[in-house]
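Below, each value reflects all heavy atoms present in this structure, side chains not excepted, and no hydrogens, waters or symmetry copies.
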Amino acid sequence: MADLQVFVTATGTDVGKTVISALLAHALNATYWKPVQSGRFPPTDRQKVASLLGEERTLAETYVLDAPLSPDQSAAEMGIRIDPTRFQLPPQPRLVVEGAGGLLVPLNEHFTMLDLARQLKLPLILVTQTGLGTLNHTLLSSEYLRLRQIRLAGWILNGPAHPANRRYLEKNIQAPLLGWVPPLNNVCLDQFDAVLQHHFEPNWEKLIHGT
C-alpha cells in the first residue's frame with residue numbers, strides 16, 4: 001500500500017470536514033490529525049473521529065484553543081500566539097490532516113491555514129457543500145489556489161444531491177471530483193463503506209496522486 005498524506009480543507013466552517021476526514025482516514029487506513037482545534041467544547045473533532053476509528057488512529061493536536069473563534073483570536077484570548085514552527089509533519093505514512101475552517105483562516109497575523117498546508121507539503125482536498133451558495137464559495141477557493149499556483153488534488157461534495165450545481169462545478173474546477181457524501185442517517189463505518197462504494201470515483205486515490 002503506497003504512502004499517502006493529505007490535507008483536508010473546506011470552503012468555510014461547518015461544511016463537513018470532520019466527517020469526511022474520518023471517512024478518508026477509514027478508506028485509506030490512515031491516521032487522523034487536526035493540528036489546531038479552536039473551541040474546546042466536547043466532543044472535539046479529534047474525539048468525534050476517535051469514536052469512529054479508535055483513539056489509536058488519532059494524534060494529539062498541536063494547539064487546543066478554548067473559544068470557538070478563528071484560531072488567531074482564540075489564541076489571543078488565551079494570551080498566546082500560534083507558532084508555525086511547532087507544526088511538524090507526523091511520520092505516519094498514511095495520514096489525513098484536517099484544517100480549521102477554510103483556506104485563509106488566520107493562525108496568527110501572518111500565517112494562514114493554507115500556509116500550514118504548504119509548510120507540511122501535503123496535497124489539498126477541498127470539501128464543499130452541494131446547495132445554495134456553494135458555487136461562489138467553491139469557485140473562489142479553487143481560483144485562489146490557481147492564482148497562487150497551488151495544486152488542488154481533488155474536491156468532495158457534501159450534502160443533498162444537487163445535480164445542476166455539481167455539473168457547473170465539474171465544468172469550472174480544474175481538479176477532479178473525488179466523490180459525493182450524501183446526508184448520513186447514522187455516521188458509522190458501514191455508511192462510510194456504502195458511500196465509498198456508490199458515490200466515490202473508483203480510482204479516487206490515484207486522482208489525488210495525479211495519476
Side-chain angles (χ1 to χ4, degrees), residues 6-25 27-28 34 36 38-39 45 48 68-73 96-107 111-118 120 122-185 187 191-192 194-211:
V6 298
F7 192 102
V8 179
T9 187
T11 54
T13 302
D14 294 329
V15 176
K17 284 193 314 302
T18 300
V19 169
I20 289 175
S21 293
L23 181 150
L24 292 175
L28 297 170
K34 181 156 188 170
V36 179
S38 196
D45 292 338
K48 293 174 186 175
L69 303 170
S70 65
D72 64 326
Q73 295 178 24
V96 174
V97 181
E98 181 187 354
L103 292 169
L104 297 184
V105 166
L107 296 177
F111 196 80
T112 67
M113 196 58 62
L114 180 57
D115 292 324
L116 175 58
R118 294 186 72 178
L120 297 175
L122 297 179
L124 279 172
I125 295 176
L126 180 69
V127 177
T128 187
Q129 293 177 319
T130 55
L132 185 65
T134 194
L135 300 182
N136 182 60
H137 296 155
T138 309
L139 294 176
L140 281 174
S141 296
S142 63
E143 178 66 6
Y144 183 78
L145 291 172
R146 187 189 69 81
L147 292 173
R148 292 283 301 272
Q149 298 183 322
I150 299 170
R151 175 178 172 260
L152 177 61
W155 52 287
I156 296 172
L157 283 166
N158 184 44
H162 198 306
N165 280 351
R166 175 172 177 162
R167 286 194 299 270
Y168 190 86
L169 291 173
E170 285 188 282
K171 288 180 181 178
N172 289 279
I173 296 178
Q174 301 300 311
L177 174 61
L178 304 178
W180 162 52
V181 180
L184 302 178
N185 296 325
V187 178
Q191 288 220 339
F192 284 173
V195 169
L196 290 162
Q197 179 179 354
H198 298 293
H199 300 301
F200 267 56
E201 293 297 318
N203 60 339
W204 65 271
E205 186 175 339
K206 290 183 178 180
L207 292 175
I208 295 172
H209 286 290
T211 59

Next item on the list: Applying side-chain contact (heavy atoms from CB on, under 4.5 Å), run through L145 and L126 and close with a yes or a no.
Entry: CA-CA 11 Å; L145 291 172; L126 180 69; 5.7 Å; no
Note to self: Working note: R166 + L177, criterion side-chain contact (heavy atoms from CB on, under 4.5 Å); need CA distance, chi angles, decisive distance, verdict.
What the structure shows: CA-CA 9 Å; R166 175 172 177 162; L177 174 61; 3.4 Å; yes
Notebook entry, point to check: Is the closest side-chain heavy-atom distance between W155 and E170 below 4.5 Å?
Noted result: yes
Checklist line | Side chain proximity check, L23 to V19, heavy atoms < 4.5 angstrom | finding: no
Notebook entry, point to check: Does a side-chain heavy-atom distance below 4.5 Å link L114 with T9?
Noted result: no
Next item on the list: Kindly compute the distance separating OG (S142) from CD1 (I150), expressed to the nearest 0.5 Å.
Entry: 12.5 Å
Next item on the list: Apply side chain to side chain donor-acceptor pair (under 3.5 Å) to R148 and list each qualifying residue two or more places apart in sequence or on a separate chain.
Entry: Y144
Check: V36 and L107: which non-hydrogen atoms are nearest, and at how many Å?
Finding: CG2-CD2, 4.1 Å
Next item on the list: Output every pair passing salt bridge (Lys or Arg N to Asp or Glu O under 4.0 Å) with a member in residues 126-147, not counting sequence neighbours, ordered by first then second residue.
Entry: E143-R146
Check: Could you walk me through whether L24 and I156 pass the side-chain contact (heavy atoms from CB on, under 4.5 Å) check?
Finding: CA-CA 11 Å; L24 292 175; I156 296 172; 4.2 Å; yes
Check: Can you list the residues that meet the side chain to side chain donor-acceptor pair (under 3.5 Å) rule with Y168, with sequence neighbours excluded?
Finding: none
Notebook entry, point to check: If you round to the nearest 0.5 Å, how far is CG of L184 from CD of Q191?
Noted result: 5.0 Å
Margin query: Just verifying a value: how many Å separate N165 CG and L135 CG, rounded to the nearest 0.5 Å?
Written below: 4.0 Å
Margin query: Is there a side-chain contact between H199 and P182 in this structure, where contact means two heavy atoms from C-beta onward sitting under 4.5 Å apart?
Written below: yes
Notebook entry, point to check: Have T11 and Q129 got a donor and an acceptor in their side chains that come within less than 3.5 Å?
Noted result: no
Margin query: Does either side chain, that of T134 or that of T128, offer a donor lying less than 3.5 Å from an acceptor on the other one?
Written below: yes
Next item on the list: Return yes when atom CG of L132 has more than 12 non-hydrogen atoms of other residues, nucleotides or ligands closer than 6.0 Å, and no otherwise.
Entry: no
Next item on the list: Under the side chain to side chain contact (heavy atoms under 4.5 Å, CB included) rule, collect the residues that match up with T130, sequence neighbours excluded.
Entry: L157, P160, H162, W180
Item checked: All salt bridge (charged side-chain N to carboxylate O under 4.0 Å, His left out) counterparts of D72, not counting sequence neighbours -> none
Item checked: Straight-line distance of L152 CG to I208 CD1, nearest 0.5 Å -> 10.5 Å
Checklist line | Intermediate values then yes/no, side-chain contact (heavy atoms from CB on, under 4.5 Å), L124 and R151 | finding: CA-CA 7 Å; L124 279 172; R151 175 178 172 260; over 6 Å; no
Note to self: Quick check: do F192 and V187 have side-chain heavy atoms less than 4.5 Å from each other?
What the structure shows: yes
Next item on the list: Return the minimal non-hydrogen interatomic distance between A27 and W204, and the atom names on each side.
Entry: CB-CZ2, 3.6 Å
Note to self: According to salt bridge (Lys or Arg N to Asp or Glu O under 4.0 Å), does anything in residues 153-164 pair up with another residue at least two apart or in another chain? List the pairs.
What the structure shows: none
Notebook entry, point to check: salt bridge (Lys or Arg N to Asp or Glu O under 4.0 Å) between R118 and D115: does it pass, once the steps are laid out?
Noted result: CA-CA 5 Å; R118 294 186 72 178; D115 292 324; 5.4 Å; no
Notebook entry, point to check: Any donor and acceptor pair, going by atom type alone, linking the side chain of S38 with main-chain N or O of L69 inside 3.5 Å?
Noted result: yes
Next item on the list: Using a 4.5 Å cut-off on heavy atoms from C-beta on, say whether the side chain of H137 contacts that of V15.
Entry: no
Next item on the list: Determine the minimum heavy-atom distance between P71 and V105, stating which atoms define it.
Entry: CD-CG1, 3.3 Å
Check: So, for K17 and G101, which heavy atoms are closest and what is the spacing to 0.1 Å?
Finding: NZ-N, 3.4 Å
